[in-house]
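Within every chain, numbering begins at 1; the chains are lettered A, B, ... in the order of the sequence lines, protein sequences first and strands thereafter. Since this is a predicted model, take the numbers as computed values, not measurements.
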Amino acid sequence: MHETFSTGPNSDEEVVIPTEERAAPETVDETNIAISPEGTSIEIADSLVNPESLPPNETLADSAAIENSEFNRTVESIEIGSTLAETHEATLAEIQQLPQEEQAFITTEIEQSPEGKSIIATIKEKFAHLVHAQSKLEQKLTDEHNYNPKLIKMVGRIGNIAGGIGGTIAGHGFLGAATSVAGSKAGGMWALKGFEKVAANLPQSMREKLLAKASPEQIERLASAESEKAKALEIHEAKLAKLKEVMDRVAHLSPEDQQAFAQGMEHNIKAQTGAEVLSEAHTKHQTLFEKFEHKFPMLATATEYTTHVLIGPSLHALGIGKDVLHAIELMAAGGGAEHLTKKLVNSGKHLGDILNKFKNKVSNLVQRKENILDVGAAQAA
Amino acid sequence: MNHFDQPQPEPAELTSDQTEALIEFDTAEKDLIEQENFGIDLLIQAAEEELRKIESKN
């Protein structure tokens, strides 16, 4: 006999949970569910029930501040969890081979005995908390951190399955059904927490792969912003041409008149203000570009390569998309920072083009402006 | 070697965050270009004023 429970809003399917004879309860550390020695109560860690009690998600900029030991511990626990899940999966297949009569008998006992009813009620209550907590964490990862919602659902579902298997194995007997349900939600939370930790430490170029794609509304706003900027640039070029015309006139003055022009400009309030405005805009332009560049850093160092190899197995355990895995495999196969750099830069090609375009544009504008001013100053001198 | 000198495959799709960053960048850059335009305008006006003074003397 199988008992069927819904795994909550983040899952499309239901988990079919087999029941069998009761055996000695255990503690499932990897899912943060503790079952009492008597097998009559289940404790679920607060961190799983209350997402607010989780450590705040660190951004890439904060990653330097994260202690290595903490990060390594997270990675290690995910790797261990993955191995255990695989082992449990094999055991679950054996459990499912039990005779139908035995399973039917046990299920009836659970449903009719006061003790069984009490335990199941407790588990259902915990289960409800876990459903809520997992849902909130999914929302946080999607809304606040912009990770692709489909990816978050997938990570949660993988955790549900792994946790459900863990709960079944831990509970044995009639606890199996109920702990599978709680375990599945705890597993989902565990996977999402692991994802949150690992993803926060990913380099920017890889995190971008996991983030939500631009919406049509965003694309439209970007096109509008680019169009507005293009108009400003057209005006800019016309004004630069006009300034050049004026400077050409200065070039045709006699040396004495050019001297007079230079002295006049030096004391002209509009010329002084204009120079200050341009100087300030130039500085701001450089700062703007530097900030933008900082926001999308490209990676090249051997240190970062080591980090990639370290987190690779964890990403695999969480099943985060073939593209990312392929990138990691290539990095490992390449065995060097140069290959990593190439791969990551290739991934960020579009952004690289944009950066190049902006960089050249800024550089050209500044250069042209400086040339004109230099010519003007030289002529004036 | 510059990152951008590497051989480049197909372009990647823009993410939500990237798009917002680009919109922010474009908008800020447009404002700065307009500020520069204003500065150039002032320079042109000043230069024309000084030229007129010289031409009127002559």
Is there side-chain contact between [X] and [Y], with heavy atoms separated by less than 4.5 Å?
| X | Y | result |
| --- | --- | --- |
| L51(B) | L253(A) | yes |
| E34(B) | I235(A) | no |
| E29(B) | E226(A) | no |

[atom1]/[X] to [atom2]/[Y] distance, rounded to the nearest 0.5 angstrom?
| X | Y | atom1 | atom2 | answer |
| --- | --- | --- | --- | --- |
| K242(A) | Q45(B) | NZ | CD | 10.5 Å |
| K231(A) | I33(B) | NZ | CD1 | 13.5 Å |
| D31(B) | E228(A) | CG | CD | 10.0 Å |
| E24(B) | R221(A) | CD | CZ | 10.5 Å |
| L222(A) | T27(B) | CG | OG1 | 9.0 Å |
| K229(A) | I23(B) | NZ | CD1 | 12.0 Å |

Within 6.0 angstrom of E220(A) CD, more than 12 heavy atoms from elsewhere: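 No, the 6.0 Å shell around CD holds no more than 12 heavy atoms from other groups.
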Nearest non-hydrogen partners of N37(B) and K239(A), listed with the distance: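 Minimum heavy-atom contact is O-CD, 3.4 Å.
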Option passing side chain to side chain donor-acceptor pair (under 3.5 Å) with K270(A) (candidates E50(B), E49(B), E48(B)):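 Going through the options one by one, the only one that passes is E49(B).
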Side chain / backbone / both / neither for S215(A) at chain B, heavy atoms under 4.5 Å: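 Neither part, no heavy atoms under 4.5 Å.
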